[in-house]
Amino acid sequence: MRLVNATGENVGIVGLEEALGMADEAGLDLVEVSPNADPPVCKILDYGKYKYEAQKKKNEARKKQKTIEVKEVKLRPNIDENDYRVKINRMRKFFGEGDKVKVTLRFRGREVTHQEIAANLMSRVQEEVDDLAKVEQNPKMEGRAMIMILAPR
């Protein structure tokens, strides 16, 4: 096997017994770092410290990772202008944070017969946030609600 000592210097190709002896002498462990190489590469190091460092790197990478959430904004067909502005501003905030937004337009009673009002409202929402978001799922009816999903650009 090819052996790398504790300081990172390449010792060369040695036998298993000799490598184990050198690791024992240094008071460290013999770790196989590349088993598929020809010949396999082993390194003399403190295995506990190696595992600790690897875990720290993994946790650090997880910390920097951003999970994309789907936020929901609920509208009604006869929404007032100020309420509509508040919903649009909330969507803009969500897109700024990198989240997707599910726009749900709920119908009550006989409102479901006026789906053209809902379609107009959904297209208005699309136009309002067009600079920040793209349509991931076009508006479609699901039961008594019209749903559209927007994703940040």
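Both backbone and side-chain heavy atoms feed into the values below; hydrogens, waters and symmetry mates do not. This is a predicted model, so every value here is computed, not measured.
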Worksheet item: Among the clusters formed by ILVMFWY side chains lying less than 4.5 Å apart, do Leu28 and Val41 turn up in the same one?
Response: no

Item to complete: Identify the heavy atoms of Pro139 and Met122 that sit nearest to each other, and give their distance.
Response: CG-CB, 3.9 Å

Discussion item. Between the side chains of Glu81 and Arg85, is the shortest nitrogen-to-carboxylate-oxygen separation below 4.0 Å, so that they form an ion pair?
Written reply: yes

Discussion item. What I want to find out is whether Asp80 reaches Lys87 closely enough, with some N-O distance under 4.0 Å, to be called a salt bridge.
Written reply: no

Discussion item. By the definition side-chain contact (heavy atoms from CB on, under 4.5 Å), identify the one residue from Val103, Thr104, Asn138 that meets it with Ile147.
Written reply: Thr104

Practice prompt. Could you tell me whether the side chain of Tyr47 reaches within less than 4.5 Å of the side chain of Leu30, counting heavy atoms only?
Written response: no

Worksheet item: Knowing that exactly one of Ile117, Val112, Thr113 qualifies, which makes a side-chain contact (heavy atoms from CB on, under 4.5 Å) with Phe107?
Response: Val112

Discussion item. Would Arg76 and Tyr84 count as a cation-pi pair here, with the cationic atom under 6.0 angstrom from the ring centre and within 45° of the axis?
Written reply: no

Anything under 3.5 Å between a donor and an acceptor, one on a side chain of residues 2-22, the other on a protein residue two or more places apart or in another chain? List them.
unit_1 : atom_1 : unit_2 : atom_2 : d
Asn5   : OD1    : Thr7   : N      : 3.2
Asn5   : OD1    : Thr7   : OG1    : 2.9
Asn5   : OD1    : Gly8   : N      : 3.2
Asn5   : OD1    : Glu9   : N      : 2.9
Asn10  : OD1    : Gly12  : N      : 3.1

Discussion item. Under 4.0 Å between a side-chain nitrogen and a carboxylate oxygen: does that hold for Glu60 and Lys58?
Written reply: no

Worksheet item: Got a salt bridge between Asp130 and Arg153, using NZ or NE/NH1/NH2 to carboxylate O under 4.0 Å?
Response: yes

Practice prompt. Identify whether the distance between the nearest side-chain nitrogen and carboxylate oxygen of Lys100 and Glu136 falls below 4.0 Å.
Written response: yes

Worksheet item: Thinking salt bridges, do Glu142 and Lys140 make one under a 4.0 Å N-O criterion?
Response: yes

Worksheet item: How about Leu105 and Leu121: do any of their side-chain heavy atoms sit closer than 4.5 Å?
Response: yes

Worksheet item: Do the side chain of Asp99 and the main chain of Phe95 share a donor and acceptor less than 3.5 angstrom apart?
Response: no

Worksheet item: Hey, any chance Ile44 and Val31 share a hydrophobic cluster, counting ILVMFWY side chains that come within less than 4.5 Å of each other, even indirectly?
Response: no

